[in-house]
Amino acid sequence: MMQGSSMDIRLPEDDEFDLPSAVCRYGFYLLAPNVWDKATATLRRPLHVPSGPVEVVVGQQGGVLRVVCDRRLRRGELFQVRRQVERMLRLNEHLGPWYELYPAARRARFGRLFRSPTVFEDIVKTMTCCNVAWANTVRMNAQLCELYGGGAFPTPEALAGEQPSRLRQRTSLGYRADWIITLAREVVEGRRSLEKLETRWPSAMYLLPQLETIHGIGPYAAANMLMLLGCYTDVAIDTETIRHCREHLGWPIPNGAAASPQWRRRIQEHYDQYVPFQFLAYWYELWMGSSLEADDTPSDTDTAAGA
DNA sequence: GGTAGACCTGGACGC
DNA sequence: GCGTCCAGGTCTACC
């Protein structure tokens, strides 16, 4: 049992928060340094505070999240831990409208998609998802944490001083090493502010142009980052999306059409019926295996019957 | 605006 | 064990 600081985060009474659902519905929870303990339903990982990395364990006891650290922290550092936990679990995100529109999502506790404690980590993780099999994504993140974070996820400072060629040599990142070092240097040298992207209730119109200036962020990665920043209007279209549209929606998308602008537009237009929750609706279909409109959108008949 | 090819790695497969 | 092919998203050059 860890001996250190701890705190309770009280969940809103009307919130139907469920920790396993908030963590395990998005694959980032499987990437280092995150560790999900299924037996105890707790999330463990190191977080950065000014005095160095601190290992934290997050568990849920009814309407309270209990956060336990492996060492004593100053009050200000404890607050920083809280902010990072809140970000990972999207505790400050208001999903009421989503649940009101789609009761099936509420019943399934489907709405909070796990993310990282920092925007930097989210961007790097998204880059490691691109053009690579999942097993390699897992490997890349493990290597980054082991070699540049001492077990924690590396900070921009830890990566900015490294040579891209050496990062390539030591990890499986390949050409992504250049993108990651470039981003880390931009952040450290003050040429790029990632905090700016965290503006409350941003719109895609505001965020997309900024995301697209990051080297290594293309259409898929930008849409994925929008989702991670709390803006769900764009669907991150990859080969999995194409497979889903073929198998679930029965669309005759030919092989090799994954990058076709025409199909991309058609996919986005299809999910635009769920505005402003296009990504959530798509992800719900992908994970739950059923579409929201099939059994959930209240019809006029239902409403009339209910009345 | 759309398209083709290079980029890089690991896994699968055939020899 | 070795070589070849393929999957995966982004970038760049070209039309």
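Chain naming here is simple, since letters A, B, ... match the order of the sequence lines and numbering starts at 1 in each. Since the model is a prediction, treat every value here as computed from it, not as a measurement.
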Q: OP1, OP2 of B/dC8 versus side-chain N and O of A/Arg176: anything below 4.0 Å?
A: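 No, because none of the side-chain N or O atoms of A/Arg176 sits under 4.0 Å from OP1 or OP2 of B/dC8.
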Q: Heavy-atom contacts under 4.0 Å between residues 210-221 of chain A and DNA chain B, which residues?
A: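 None - not one residue of the stretch has a heavy atom sitting under 4.0 Å from the strand.
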Q: For A/Leu173 and C/dG9, what is the distance between atoms CG and P respectively, to the nearest whole Å?
A: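 Computing the A/Leu173:CG to C/dG9:P distance gives 17 Å.
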Q: Which of residues 119-139 of chain A sit near DNA chain B, with a heavy atom under 4.0 Å from it?
A: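 Contacts with DNA chain B under 4.0 Å: A/Asn136, A/Arg139.
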Q: Using the side chain to side chain contact (heavy atoms under 4.5 Å, CB included) criterion, which residues pair with A/Pro20? Sequence neighbours excluded.
A: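 Counting only residues at least two positions away or on another chain, A/Pro20 forms a side chain to side chain contact (heavy atoms under 4.5 Å, CB included) with A/Asp18, A/Trp36, A/Ala41.
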Q: Which sits closer to the 5' end of DNA chain B, A/Gln143 or A/Arg265, going by the nucleotide each is nearest to?
A: A/Arg265
Q: For the pair made of CE in A/Met140 and P in B/dG11, what is the distance, rounded to whole Å?
A: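 Atom CE in A/Met140 sits about 11 Å away from atom P in B/dG11.
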Q: Report the distance from atom CD1 of A/Ile180 to atom C1' of C/dG9, rounded to the nearest whole Å.
A: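 To the nearest whole Å, that distance equals 14 Å.
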Q: For the side chain of A/Tyr175, starting at C-beta, report the closest nucleotide among B/dC8, C/dC11, C/dG8.
A: B/dC8
Q: Give the rounded distance in Å between these two atoms: CZ of A/Arg168 and P of B/dG10.
A: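 Taking CZ of A/Arg168 and P of B/dG10, I get 13 Å after rounding.
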Q: Going by side chain to side chain contact (heavy atoms under 4.5 Å, CB included), name the residues that satisfy it together with A/Thr155, two or more places apart in sequence or in a different chain.
A: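 Partners of A/Thr155 by the side chain to side chain contact (heavy atoms under 4.5 Å, CB included) criterion, ordered by chain and then number, come out as A/His48, A/Glu157, A/Ala158.
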Q: Tell me: CH2 of A/Trp179 to C1' of B/dC8, nearest whole Å?
A: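 Whole-Å distance recorded here is 10 Å.
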Q: Roughly, in whole Å, what's the span from CG in A/Asp178 to P in C/dT12?
A: 11 Å
Q: Does any pair with a residue in residues 80-89 of chain A pass salt bridge (Lys or Arg N to Asp or Glu O under 4.0 Å), and if so which ones, sequence neighbours excluded?
A: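 Applying salt bridge (Lys or Arg N to Asp or Glu O under 4.0 Å) to every pair that reaches into residues 80-89 of chain A, excluding sequence neighbours, yields A/Arg82-A/Glu86, A/Arg87-A/Asp122, A/Arg87-A/Glu198.
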Q: Kindly say if A/Ser172 contacts the phosphate of B/dT9, meaning a side-chain N or O under 4.0 Å from OP1 or OP2.
A: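 Checking B/dT9 against A/Ser172, no side-chain N or O comes under 4.0 Å of OP1 or OP2.
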Q: Would you confirm whether A/Gln278, through its side chain, and A/Val235, through its main-chain N or O, come within 3.5 Å as a donor-acceptor pair?
A: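 No: the side chain of A/Gln278 does not pair with the backbone of A/Val235.
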Q: Holding to ring pair (Phe, Tyr, Trp, His ring centres under 6.0 Å), I want the full list of residues that pass it with A/Phe277, two or more places apart in sequence or in another chain.
A: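 Only A/Trp98 meet the ring pair (Phe, Tyr, Trp, His ring centres under 6.0 Å) criterion with A/Phe277.
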Q: Using the ring pair (Phe, Tyr, Trp, His ring centres under 6.0 Å) criterion, which residues pair with A/Trp251? Sequence neighbours excluded.
A: A/His270
Q: Taking the axis from the first five pairs and the axis from the last five, what angle separates them in the helix from B/dG1-C/dC15 to B/dC15-C/dG1, rounded to 10 degrees?
A: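 End-to-end axis angle for the helix from B/dG1-C/dC15 to B/dC15-C/dG1: 30°, rounded to 10°.
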Q: Under the rule for side chain to side chain contact (heavy atoms under 4.5 Å, CB included), what residues qualify as partners of A/Pro164, not counting sequence neighbours?
A: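 Once residues adjacent in sequence are excluded, the partners of A/Pro164 under the side chain to side chain contact (heavy atoms under 4.5 Å, CB included) criterion are A/Asp178, A/Ile181, A/Arg185.
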Q: By side chain to side chain contact (heavy atoms under 4.5 Å, CB included), which residues pair with A/Asn136, not counting sequence neighbours?
A: A/Val132, A/Arg139, A/Met140, A/Ser172
Q: Mind checking ring pair (Phe, Tyr, Trp, His ring centres under 6.0 Å) for A/Tyr148 and listing every partner two or more places apart, or none if nothing turns up?
A: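 A/Tyr148: no ring pair (Phe, Tyr, Trp, His ring centres under 6.0 Å) contacts found.
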Q: Do any pairs count as a salt bridge (Lys or Arg N to Asp or Glu O under 4.0 Å) and have a residue in residues 145-155 of chain A, sequence neighbours left out, and if so which ones?
A: none
Q: Do A/Phe114 and A/Phe28 have ring centroids that are under 6.0 Å from one another?
A: no
